[in-house]
Amino acid sequence: MPTADDFTVTPYAVEGDIDYDRLLETFGADALTPEQKARFPTPTHPLVRRDVFYAERDVDPFLDAANDGLRHSIVTGRGPSGPMHIGHVFPFYFAKYLQDQTDALVYIPFSDDEKYFLKDKPIAEVSDYTRENLLDVLAVGFDPEKTRIVIDTADADVVYPLATAFGKEVTQSTVDATYGEPENIGLSFYPAVQATHLLLPQLVEGRHPTLVPIAVDQDPHVRVCRDIAAKQRYDVNKPGALLSKFLPSLAGPGKMSSSADAPSILLSDDRETVFEKIRTHAFSGGQTSLDAHREQGGNPEIDVSYLFLYYFFEESDERVERLAREYRDGELLSGELKEIAAEKIADFLDTHHARREQLGPLEAELEPYRLTQTERRAARKRVGYPDDALVQQ
Ligand code: TRP
């Protein structure tokens, strides 16, 4: 049994009671400072304001470029291992917000290879999730002029030559030390593929600051990639990172996992399902009886309904603060707080569904987001492939 402060955080396992500050020491990333937060576009996004994105690597060069109107990019991806839940989607909405504010280029890689290596699921099933998840990402409404979506196995003409170049830069012992011994040689190689994702905007467009807004468990991939970039064999900056805490699971603060006991709230859930899941499963920081609650009040810090509102779903600071106060005072009941959270989440999902339903067939919708032939050629060339390489055109 893990003890209270025993936890594991790697891309392949998140367990135990996470101490987010201690994790930064282990990983060697820095807490996001108030000065850095102030340099994000205003009004500052709640995810930054409220410390959900709480740590960083090289966020300054990215903010410099964004504030000076110079080229800057964001990479945030999806491992299509199942249906997407609300914890998966906030980095995409955050990327979309930055794109709207600062014209950031956004690259969205889909690691279908990674999820096949990792999970016990047939390739066809991973492919189905890829298609489903793509529709959810398209529903976010990125600007196709400034956004590229890349699927590892479908865009192998560009991903594989690049991953080949980067795979040569990483030793097996680095992989073992960073991730634990991989279960198969696919996972052993995969860090070279994710490094490809993180460097791709620079390989296509030329050297510039890139930021990877991502849950903290993905930081090992960023580290491996930064080491590759630091070798200076390719003309690229080390990608920066903006690291987030995990959106809590319904069962309590901790990572919202698709496989835990309590269900997660899926992007496809209708209003009724959202209310039912929250009423039945949302861990409450309230007291066990009405009298006790009125007298002693509840604890918003461990109340999942409150945390959902605080993390992402309630934009108004004044409202979240009032809810916390009224909950602590015993004025607001657990059941009432649940209804408020369910309402907000259901509204958010209604809007998401409406946009998703407006999409046409996947292939046609995806087309304007795919790398052009010129972009593919540029990226291959930057790692040394000749123009006349025998690639399908
Ligand atoms: N590895 C990520 C996951 O398991 C998905 C992913 C692939 C990703 N490439 C990325 C995330 C690049 C951020 C940036 O969910």
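Note that the structure is predicted; figures quoted are calculated from it, not measured. Counting starts at 1 for both ligands and their atoms, in listed order.
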Would you mind listing which atoms of ligand 1 come within a distance below 4.0 Å of any non-hydrogen atom of [X]?
X	result
Leu198	12 (C), 14 (C)
His197	7 (C), 9 (N), 10 (C)
Lys115	3 (C), 4 (O)
Tyr190	7 (C), 9 (N)

(message) What protein heavy atom lies closest to atom 15 (O) of ligand 1? Include the residue and the distance to one decimal.
(response)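 Here the closest protein heavy atom is Gly79 N, 3.7 Å.
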(message) Which residue and atom name correspond to the protein heavy atom nearest atom 11 (C) of ligand 1, and how close is it?
(response)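 So the nearest neighbour among protein heavy atoms is Gly77 N, 3.3 Å.
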(request) Check the angle between the aromatic planes of Phe92 and Phe142 and answer parallel, tilted or perpendicular using the 30° and 60° thresholds. (result)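 Taking Phe142 first and then Phe92, their aromatic rings stand perpendicular (interplane angle over 60°).
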(request) Give yes if a backbone or side-chain nitrogen or oxygen of Thr76 is under 3.5 Å from a nitrogen or oxygen of ligand 1, and no if not. (result)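 Between Thr76 and ligand 1 (N or O atoms, distance only) the closest approach is not under 3.5 Å.
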(message) Any nitrogen or oxygen of Gln194 lying under 3.5 Å from a nitrogen or oxygen in ligand 1? Just yes or no.
(response)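 Yes; at least one N/O pair falls below 3.5 Å.
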(message) Is it the case that atom CD in Glu315 sees more than 12 heavy atoms from other parts of the structure closer than 6.0 Å?
(response)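 Open.
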(request) Give a yes or no on whether a salt bridge exists between Glu114 and Lys119, defined as a side-chain N under 4.0 angstrom from a carboxylate O. (result)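 Here Glu114 does not pair with Lys119 in a salt bridge, since their nearest N and O are not under 4.0 Å apart.
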(message) Tell me if the centroids of the rings in Phe189 and Phe117 come within less than 6.0 Å of each other.
(response)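 When the ring centroids of Phe189 and Phe117 are compared, they turn out to be at least 6.0 Å apart.
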(request) Tell me, please, which residues at least two apart from Glu318 pass side-chain contact (heavy atoms from CB on, under 4.5 Å). (result)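 Glu318 satisfies side-chain contact (heavy atoms from CB on, under 4.5 Å) with Ser316, Arg322 once adjacent residues are dropped.
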(request) Only counting residues at least two apart or in another chain, list the ones meeting side-chain contact (heavy atoms from CB on, under 4.5 Å) with Thr102. (result)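 Thr102 satisfies side-chain contact (heavy atoms from CB on, under 4.5 Å) with Pro41, Ala66, His72, Ala104 only.
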(request) With rounding to the nearest 0.5 Å, note down the distance linking CG in Leu307 to CD in Glu301. (result)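 These two atoms lie 8.5 Å from each other.
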(message) Heavy-atom pairs closer than 4.0 Å: do any link ligand 1 to the side chain of Gln218, the backbone, both, or neither?
(response)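 Only the side chain of Gln218 comes within reach of ligand 1.
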(request) Could you tell me if any non-hydrogen atom of Pro109 lies under 4.0 Å from any atom of ligand 1? (result)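 Yes; Pro109 lies near enough to ligand 1 that a heavy-atom distance drops under 4.0 Å.
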